[in-house]
Amino acid sequence: MILNRYICVKQKGKPKAPNPSTLRAGSFCEQMIECHDITFRYPGAEAPLFDGLDVAIGTPGFHALFGPSGAGKTSLARIISGDIDGFAGRVKTAGDMPCLYTFNRERLPGWSPVGRHLEKTSPPGRQPLRDELIDHFGLSELMGLRYSQLSMGQCNRVNLLRYLLQDFSLLIMDESLANVDEPTRQTILYKIKSLFPEAGFLYISHNVMEVSQFCDQIIVVRGAHKSPQTARICGQDHRVDRPLDNTALERTMLEIMNAA
Amino acid sequence: MILNRYICVKQKGKPKAPNPSTLRAGSFCEQMIECHDITFRYPGAEAPLFDGLDVAIGTPGFHALFGPSGAGKTSLARIISGDIDGFAGRVKTAGDMPCLYTFNRERLPGWSPVGRHLEKTSPPGRQPLRDELIDHFGLSELMGLRYSQLSMGQCNRVNLLRYLLQDFSLLIMDESLANVDEPTRQTILYKIKSLFPEAGFLYISHNVMEVSQFCDQIIVVRGAHKSPQTARICGQDHRVDRPLDNTALERTMLEIMNAA
Amino acid sequence: GDVMANEKVAYRLKWLINASTAGDVYALGQGLFSEQGLDVAVKAGGPERDAIRELELGYAQFGVASADQVIRALAKGASVVVLAQLFQINPLQWIYRADDFSLAGVQDLAGKTVGITYGGNDETIMRALLATAGLDERQVRLAGVRYDYTPFFLKKITVWPVYRNTQGIFLSDKLAAGGERVAFFDPSEYGIRFVANSVVTSQRMLDEHPQTVARFIRALLAGWQAAMAPASEAAAIRWVGEHDRDTSPAVMRRQLAVTRRMVRPDPAIPVGRIDRAAWQQTEQIMLRQRLIPGPVNVIDRLRPQPSH
Amino acid sequence: MLHRRIFQFFIVYLSGIGLLFGIKLVLNLSDYVIPGPVGVWQTAQTEFYRYMGDVLDTFAVAVIGQMLSILMALGVGVAGRRATWFGSFIKVAAYNVQAYPIVAIAPILFILLGDGFLTRLFIAAMICYFPLLLSVIGIMSEPVADIEHFYRVTGRLRWQLEVKIRAFENLHKLTTVVSGSATLAMAGTIVAEFIAANAGIGYSIRIALYQSDLSKILVALFTIGITLSLYQGALELAGAGVKKAWATG
Amino acid sequence: MLHRRIFQFFIVYLSGIGLLFGIKLVLNLSDYVIPGPVGVWQTAQTEFYRYMGDVLDTFAVAVIGQMLSILMALGVGVAGRRATWFGSFIKVAAYNVQAYPIVAIAPILFILLGDGFLTRLFIAAMICYFPLLLSVIGIMSEPVADIEHFYRVTGRLRWQLEVKIRAFENLHKLTTVVSGSATLAMAGTIVAEFIAANAGIGYSIRIALYQSDLSKILVALFTIGITLSLYQGALELAGAGVKKAWATG
Ligand SMILES: Nc1ncnc2c1ncn2[C@@H]1O[C@H](COP(=O)(O)OP(=O)(O)OP(=O)(O)O)[C@@H](O)[C@H]1O
Ligand SMILES: Nc1ncnc2c1ncn2[C@@H]1O[C@H](COP(=O)(O)OP(=O)(O)OP(=O)(O)O)[C@@H](O)[C@H]1O
Ligand SMILES: Cc1ncc(C[n+]2csc(CCO)c2C)c(N)n1
Ligand SMILES: [Mg+2]
Ligand SMILES: [Mg+2]
């Protein structure tokens with residue numbers, strides 16, 4: 001199978017991570033995300049969700065977390081972002097700035113209109129960026145509305161937008177655009193990739209085509225009963241100004257579907 | 001443009017609905033969904049969301065509501081299901097049984113495990129159906145879990161499942177499977193179509209391919225500023241046991257994308 | 001000669017303003033205090049108030065307290081002195097329905113349910129009474145009571161403590177309206193001379209402002225003397241009525257009549273006379289009932305009556 | 001709206017007084033135990049206006065006391081919302097202070113505050129604040145994760161914002177308990193007047209009690225009830241207004 | 001957990017008493033106005049066990065009263081949660097009854113219930129139920145749309161279910177207010193004993209007040225406080241247990 005060429009998993013019990021002392025010293029070229037030998041069981045759950053799971057993504061860029069519903073994408077994301085603790089193993093992310101996690105059920109405060117909320121939550125000096133994002137996210141006409149007046153996809157977009165205005169080294173987007181229409185979603189993804197070339201993104205989505213097309217590395221979470229528990233696939237990492245190789249895209253999609 | 005061939009809208013001010021008296025008498029072959037001259041403005045909103053909108057779907061089957069985020073799909077769905085009132089115009093749905101509306105943010109009660117909840121909410125005699133659906137929805141292993149222990153997609157599936165067990169003539173599914181992975185989603189859609197051939201479904205989704213492939217009629221909501229406000233496209237209405245005509249599918253997708 | 005312009009002092013009463021405080025409000029209303037150069041704030045009392053505490057805290061310069069309060073305070077080191085004794089006869093008595101039985105002696109209490117306020121001076125008085133007759137709690141059923149007369153109305157308690165000059169009047173009116181007659185059981189008839197309301201101040205006040213004290217007591221006793229004179233009844237009713245809006249003048253007139261008998265039982269005795277023997281007896285009773293740990297020599301705290 | 005409340009109050013009041021008259025009839029009690037309708041009516045005619053004045057006096061104190069207690073409850077609730085040592089200490093303190101019946105600490109209050117307006121206000125606020133506190137602590141100690149997440153991960157969740165979010169999300173519960181606490185403020189002020197004042201309807205009730213005049217008490221209860229029903233209605237309207245203003249203004 | 005509460009209670013109590021002693025020192029007050037440490041200690045030695053017995057007596061009534069009031073609050077809250085005529089009527093009735101200060105209706109209670117256990121229980125429940133009611137009404141009248149939708153559209157939303165959903169979703173608030181209401185039940189019972197009974201710590205406090213004996217009151221407050229802190233702690237543990245059991249059991 002072609003699949004094997006693309007899986008770059010670390011087998012449990014065979015750590016391939018660099019020497020920890022080197023890591024600590026900081027001289028080693030840091031991995032963007034590095035999870036090593038993660039074991040985690042939800043309190044009250046029978047079986048562990050992750051058992052010696054390893055994940056590594058080397059460089060910044062637009063990456064994805066993919067996998068069937070219930071496989072553990074959200075859980076892994078929250079472990080990486082530090083939202084969940086109580087797991088065994090080691091997690092590291094690169095960069096001086098925080099790793100932020102955003103998900104599609106977030107709500108905005110109800111007392112102020114969207115525009116004011118965005119103003120109040122953007123760090124100084126980001127007004128141009130904010131205006132640009134509002135425009136490209138198709139939100140210009142909603143700035144006077146409140147949370148309760150937004151449609152689901154509108155709320156998702158505003159939510160993602162406010163995170164993009166923050167300082168981060170890594171932004172994990174948990175189905176952040178799941179309720180947005182495809183054209184808008186594409187515009188948004190292209191825009192993010194062109195505006196934040198230095199940052200790391202981890203995009204959780206159930207859309208295999210989208211993930212294949214836009215993402216650089218795709219971590220497929222396969223569930224605890226499969227071994228290895230994750231697979232890494234290389235995506236097309238497409239940008240708006242480049243041609244898209246449709247055959248390669250389809251191959252990536254196939255690989256992902258096989259791995260999942 | 002090919003588009004025009006497929007748009008079967010009713011122009012505002014030119015009602016093409018059958019004579020009301022005939023309708024009332026019930027002798028006329030009922031439309032599955034019929035919205036006539038709907039005008040609706042959210043309280044506090046500046047402009048009306050719908051202004052003389054017409055929608056008609058003739059027969060039961062698996063239909064879709066499609067359109068950009070914020071176009072008014074949710075609003076129209078809630079008007080059809082009777083969840084929103086305060087609109088002008090006429091709405092009718094066929095059938096003796098209720099029209100149910102379900103959306104993807106619904107939560108399950110937290111005090112009982114999913115299995116017990118499904119047992120308690122399914123009408124008598126539906127146990128076989130329930131078991132079959134649980135199996136095909138990939139939920140068998142979750143019956144002992146509670147709401148707070150479900151992943152997003154798992155919760156969405158359980159939620160949709162409990163609606164399918166109810167009595168309904170028309171079920172409107174507002175992004176009900178938006179957080180479910182593609183293979184599971186396809187299995188679910190095929191299953192629904194084969195198990196409920198007599199019922200009407202209105203499926204809201206942002207996935208143009210899925211909508212084109214699975215749905216019979218696709219109502220595209222285009223926003224208040226466009227005229228006509230909706231377009232109706234015929235989809236492939238694909239079933240698991242039939243061949244899928246890929247060219248036709250692509251044409252449908254194109255039509256939808258043009259209409260939106 | 002030494003009249004100063006409007007020296008401000010506060011005077012804390014023991015109870016709400018009613019016929020029992022006629023002299024106090026009379027002195028105020030008729031301007032007797034201001035004639036003495038005093039600007040007196042006469043403040044109503046109540047069960048949660050304590051004039052002696054207020055003297056020490058400086059919230060009041062003069063007050064009204066019953067003898068048991070004075071003795072308790074002395075036992076705990078308060079430096080209080082008694083300037084005048086307003087009631088020569090303690091108005092605390094027990095009311096009962098005359099048609100049901102009659103109480104001609106302490107012995108007759110046997111078998112009755114007698115109301116007392118636990119912790120109050122009526123408890124002390126009743127216990128002293130019972131002791132004089134050699135009765136104990138097995139023979140007389142003591143029952144705790146409060147301001148709510150319902151148990152008496154419902155005959156659950158048949159002998160009920162009242163202030164004869166105020167509550168005694170309207171209770172007999174109420175029962176009379178229901179066709180019932182009442183009678184009173186008066187401890188002083190059986191040798192119990194437990195002292196009631198007296199005027200007190202602090203030793204420091206007396207030491208530092210003797211003139212003010214003298215002028216205050218002069219005006220106050222003049223007020224009481226005048227208020228108790230039948231001729232000034234109308235004025236007394238007027239000044240009391242200004243505060244006590246819930247009692248009709250007719251009832252007040254009868255309340256005043258009884259009050260008069262207790263403040264001036266004998267025209268020969270000046271208003272405000274301190275009955276030293278009664279004070280001594282009060283201390284003895286309290287000692288015997290172990291309400292104070294040891295003698296306080298209250299006699300030493302009684303200031304000779306100023307002449308006026 | 002308001003006239004519905006008044007109507008409902010009349011039903012409540014008349015049922016209560018009807019019950020009393022019923023008991024009187026059945027047990028054949030004399031007028032000094034339970035007054036008859038005629039006696040109550042006569043008393044109403046002579047005392048109603050005076051009592052209405054007293055009630056308004058009480059009412060003014062109650063309104064100030066209510067505001068004070070809302071502030072106290074917010075302060076203590078916000079300080080005690082966390083499950084930390086300090087939070088639990090604040091709660092222990094607040095709960096203990098409340099458990100001591102006002103009647104027991106009245107002498108101490110007199111020592112500390114004298115016997116003026118302040119004491120009255122303080123007692124009213126003490127009686128009113130605790131129920132508010134319980135609600136506020138319940139609301140303030142429960143995170144609204146979907147909204148707070150953003151602020152927390154971006155380091156913006158200062159306590160003011162946390163309080164604002166939780167208050168907004170529980171606005172309905174807060175307005176219910178705040179407008180309901182008017183009742184407590186009124187009861188508290190009356191108790192305070194009963195113990196410590198020489199004005200207000202509480203004081204009048206005390207005198208009526210000392211005189212064993214149930215007619216007067218029944219009339220006083222009527223004036224209290226009608227005033228309160230009106231205030232209650234007004235507060236609920238105001239609460240609805242606040243909700244609307246904050247959600248859309 | 002519990003011993004932390006006791007420790008915190010000691011801090012609160014000792015600060016309070018320290019403040020009093022401080023005032024005594026600064027103003028040079030006699031033992032009559034504020035007793036000295038020695039006097040309080042002696043009183044504690046002679047009265048502690050008796051008062052502890054009284055407090056336990058009071059406590060027993062308070063616990064029953066609290067249960068009663070929880071039931072009453074749930075009943076009235078559920079009945080009054082809707083914005084209908086009946087709902088608003090229930091509220092008007094409940095609010096009015098609360099506004100009438102217990103002291104004023106004590107005579108009526110006496111006629112109806114006598115001066116024993118029942119009156120004590122009733123007053124305790126009355127004082128305790130209202131704050132509970134406010135919370136319950138606030139919670140019960142606010143829909144939980146995301147969960148109720150399914151039941152509503154499928155015609156299954158009977159009131160029991162509605163109440164269950166709203167209670168479950170607000171379990172934290174409910175347990176906070178229920179466990180906090182223990183304090184109110186205790187205060188209520190003490191007030192009841194103060195105004196209408198012949199047993200319990202409230203009655204002992206009343207006697208101490210008549211005797212102007214602040215030492216006794218301070219000892220009584222100590223016994224009340226320590227009992228309550230323990231009960232409070234126990235209730236909070238129980239609340240946490242309920243939450244856990246309902247959410248996972
Ligand atoms: N309560 C409301 N008050 C005012 N405006 C509202 C309200 N709810 C929705 N709207 C507006 O109505 C429009 C349609 O909203 P609706 O939720 O129907 O969109 P939708 O097509 O379902 O979008 P999505 O795909 O993002 O869910 C949006 O522009 C939204 O801003
Ligand atoms: N709080 C919890 N307690 C116990 N089990 C949990 C809890 N949360 C999630 N799980 C379980 O952990 C597994 C992974 O959940 P997770 O939410 O990470 O999945 P996911 O990959 O994000 O799925 P989806 O695509 O549906 O969002 C699921 O099977 C779920 O049942
Ligand atoms: C003499 C007396 N003191 C206090 C209260 C009332 N009270 C004590 S705690 C509390 C708050 C909760 O309702 C209330 C009202 C009363 N009724 N009577
Ligand atoms: Mg997830
Ligand atoms: Mg929608």
Side-chain angles (χ1 to χ4, degrees), chain A residues 74 77-84 93 96-114 116-124 126 144-150 152 155-176 202, chain D residues 70-71 73-75 77-78 81-84 135-136 138-179 235-249:
Chain A
T74 298
R78 294 179 63 214
I79 285 176
I80 294 173
S81 71
D83 228 19
I84 287 183
T93 57
D96 318 323
M97 282 184 296
C99 163
L100 301 182
Y101 168 76
T102 172
F103 55 104
N104 81 334
R105 297 249 165 149
E106 280 182 80
R107 291 184 287 149
L108 312 174
W111 61 78
S112 65
V114 169
R116 249 178 72 76
H117 176 63
L118 290 179
E119 264 168 45
K120 288 181 70 174
T121 55
S122 44
R126 306 253 161 103
L145 299 185
R146 278 153 199 271
Y147 169 72
S148 62
Q149 301 174 309
L150 298 180
M152 200 153 36
C155 173
N156 284 178
R157 283 177 277 161
V158 175
N159 181 43
L160 179 57
L161 200 160
R162 61 180 180 163
Y163 276 93
L164 290 171
L165 292 172
Q166 310 304 318
D167 297 323
F168 59 86
S169 290
L170 175 64
L171 180 64
I172 307 182
M173 299 177 276
D174 194 350
E175 308 202 25
S176 288
L202 198 55
Chain D
I70 292 173
L71 292 181
L74 278 180
V78 166
R81 77 188 186 287
R82 298 205 175 282
T84 57
S135 285
V136 171
I139 286 169
M140 287 303 159
S141 60
E142 197 172 12
V144 184
D146 292 352
I147 298 181
E148 289 171 18
H149 176 83
F150 169 76
Y151 292 105
R152 205 181 50 251
V153 299
T154 60
R156 282 201 180 79
L157 195 60
R158 282 178 306 139
W159 70 265
Q160 296 94 328
L161 187 60
E162 191 174 288
V163 166
K164 191 172 177 184
I165 291 171
R166 295 179 188 179
F168 187 86
E169 289 298 306
N170 292 283
L171 207 48
H172 171 75
K173 285 164 202 128
L174 281 178
T175 55
T176 302
V177 76
V178 163
S179 79
L235 276 181
E236 277 172 19
L237 283 181
V242 166
K243 268 185 274 189
K244 215 174 142 184
W246 208 7
T248 68

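Hydrogens, waters and symmetry mates play no part in the numbers below; they use all other heavy atoms, side chains included. We name chains A, B, ... by the order of the sequence lines, and we start the count at 1 in each one.
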**Q** Heavy-atom distances under 4.5 Å only: say whether D:F150 touches chain A with side chain, backbone, both or neither.
**A**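 Answer is both: backbone and side chain atoms of D:F150 are under 4.5 Å from chain A.
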**Q** Return the minimal non-hydrogen interatomic distance between A:P109 and D:Y151, and the atom names on each side.
**A**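 Answer, listing the atom of A:P109 first, then D:Y151: CG-OH, 3.2 Å.
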**Q** Would you say D:R156 has more than 12 foreign heavy atoms packed within less than 6.0 Å of its CZ?
**A**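 Enclosed: over 12 neighbouring heavy atoms sit under 6.0 Å from CZ of D:R156.
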**Q** Is chain D contacted by the side chain of A:D83, its backbone, both, or neither, given a heavy-atom distance below 4.5 Å?
**A**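 Just the side chain, heavy atoms under 4.5 Å.
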**Q** Mind checking whether D:H149 and A:Y163 have parallel, tilted or perpendicular rings, split at 30° and 60°?
**A**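 Rings of D:H149 and A:Y163: tilted, 30 to 60°.
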**Q** Is A:L100 close to chain D through its backbone or its side chain, or both, or neither, when contacts mean heavy atoms under 4.5 Å?
**A**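 Only the side chain of A:L100 comes within 4.5 Å of chain D.
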**Q** For D:K164, I'd like to know if atom NZ has over 12 heavy atoms of other residues, nucleotides or ligands within 6.0 Å.
**A**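 Yes, the 6.0 Å shell around NZ holds more than 12 heavy atoms from other groups.
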**Q** State the CZ-CD1 distance between A:R107 and D:I147, to the nearest 0.5 angstrom.
**A**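 Output value for this atom pair is 4.0 Å.
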**Q** Report the distance from atom CD of D:E148 to atom CD of A:E106, rounding to the nearest 0.5 Å.
**A**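 Going from the CD atom of D:E148 to the CD atom of A:E106 covers 11.5 Å.
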**Q** Which region of A:P113, side chain (C-beta onward) or backbone (N, CA, C, O), has a non-hydrogen atom less than 4.5 Å from a non-hydrogen atom of chain D, or is it both or neither?
**A**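 Neither part, no heavy atoms under 4.5 Å.
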**Q** Can you name the side-chain contact (heavy atoms from CB on, under 4.5 Å) partners of D:V178, sequence neighbours left out?
**A**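 Result, side-chain contact (heavy atoms from CB on, under 4.5 Å) vs D:V178: D:Q66, D:I70, D:L132.
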**Q** In terms of heavy-atom proximity below 4.5 Å to chain D, should A:Y101 be classed as side chain, backbone, both, or neither?
**A**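 Contact with chain D involves both backbone and side-chain atoms of A:Y101.
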**Q** To the nearest 0.5 Å, what is the distance between CG on A:N159 and CG on D:D146?
**A**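 Output value for this atom pair is 10.0 Å.
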**Q** Tell me, for A:T121 versus chain D, whether the close heavy atoms (under 4.5 Å) come from the side chain, the backbone, both or neither.
**A**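 Both parts, heavy atoms under 4.5 Å.
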**Q** Using a cut-off of under 4.5 Å on heavy-atom pairs, state which of A:Q149, A:Q166, A:R162 scores highest against chain D.
**A**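 Among A:Q149, A:Q166, A:R162, the one with the most close pairs to chain D is A:R162.
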